Amino acid sequence: MKSSVITFPGSNCDRDMDVALKNFGFKNKMVWHNDNELPKSDLVVLPGGFSYGDYLRCGSMAAKSKIMQSVINFAKSGGLVMGICNGFQILVESGLVPGVLLRNKYLEFICKNVFVRIENKDNPYFKNLDKEVFEFHIAHNEGNYFCTNDQLKEIEDNNQIAIYYCSVSGKTDEKHNPNGSLKNIAGIFNKEKNVLGMMPHPERMIEESLSGEDGSLFFKNLLNNIR
Amino acid sequence: MKISAIITLKKDVLDPQGKVIHQALDGMGFKNVNEVRQGKYFEIDVNEDDPKKAEDLVESMCKKLLANLVIENYKIIETQ
């Protein structure tokens, strides 16, 4: 299976993602933001980081970079595009998933492990996973998901909420909402469920000795689903 | 011609930075503040002499990049 990770100026989780994808059997290529064409890919990943120094709004400049037109065309033709953290911010700024990511409610950069609950397994990312609650890592300053009431209704009607921040037992409440996100939303799909944006970093949870293995479960399953 | 654009957060969008600034002002003794909302100001020098065309150009910039219309409004001011 072939994957591509896009590197923007200021991306800093691109190589972590490269390591994770290769570790679980993807043939990964790194793609520079100024390229015009995507290599042939089964999965395109927009990694975490601080693209363009987070100038203007997080992800806003990266969303207009050269390669993004190819990524948008790839997504519109049904290709799998996953945005993690800053990648999620780039996805909302490019309009591939609805909503925006605002500054964290309590104005602090959050860097910690959280639990997230997978709501909807009827998609290529989470299909066949045999549990619902995962421990992932978050590290962001702008992860406070927000959208208009009309958008929220559409998102809910189409089952587009991918993951929620929750307790270890899967309870979603204010206490387990790290950044003020609307309805504890940690990740969102597009309508067709081929584009996934999420704040948590599964690529940071692939070594039992360092962090836990929930990211490994995610990547192994993703590879099997695409295969 | 220089055109300015002001980007403000929409009414229903939470502005935690504005809130903290409000609290700081309050602590400094500015007691009669009802609310503070933080925004952005752009001064753009465009190579265009017709004010209407220059404003249209900056409006298009606001829609495509400078503002995120899900959460922000923009207002264009002709400066000179």
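What you see is a predicted model, and the numbers here were worked out from it, not measured in a lab. Chain letters run A, B, ... following the sequence lines, proteins first and then strands; every chain starts at 1.
The residue among B:V20, B:L65, B:D12 with the most heavy atom pairs within less than 4.5 Å of chain A is B:L65. No other option in A:R103, A:R57, A:K105 has as many heavy-atom pairs under 4.5 Å with chain B as A:R57. In terms of heavy-atom pairs under 4.5 angstrom with chain A, the leader among B:D15, B:L66, B:I7 is B:L66. Residue with the most contacts toward chain B among A:L56, A:N144, A:T148: A:L56 (heavy-atom pairs, distance under 4.5 Å).
Surrounding CG of B:D49 are at most 12 heavy atoms belonging to other residues, nucleotides or ligands under 6.0 Å away.
Looking at A:L102, only its side chain comes within 4.5 Å of chain B, counting heavy atoms on both sides. Heavy-atom distances place the side chain of B:K40, and not its backbone, under 4.5 Å from chain A. Within the 4.5 angstrom heavy-atom criterion, only side-chain atoms of A:K64, from C-beta onward, approach chain B.
Side-chain atoms of A:S181 and A:N179 form a donor-acceptor pair, as typed in the model, at a separation below 3.5 Å.
Two residues are said to be in side-chain contact when any heavy atoms from C-beta on lie closer than 4.5 Å; A:L80 and A:M82 fail this criterion. Side-chain contact check for A:F126 versus A:E119: every heavy-atom pair is 4.5 Å or farther apart.
Atoms CG and CG, on B:L9 and B:N68 in that order, are 10.0 Å from each other to the nearest 0.5 Å.
A:N86 places no side-chain N or O within donor-acceptor distance of the main-chain N or O of A:C58, the cut-off being under 3.5 Å.
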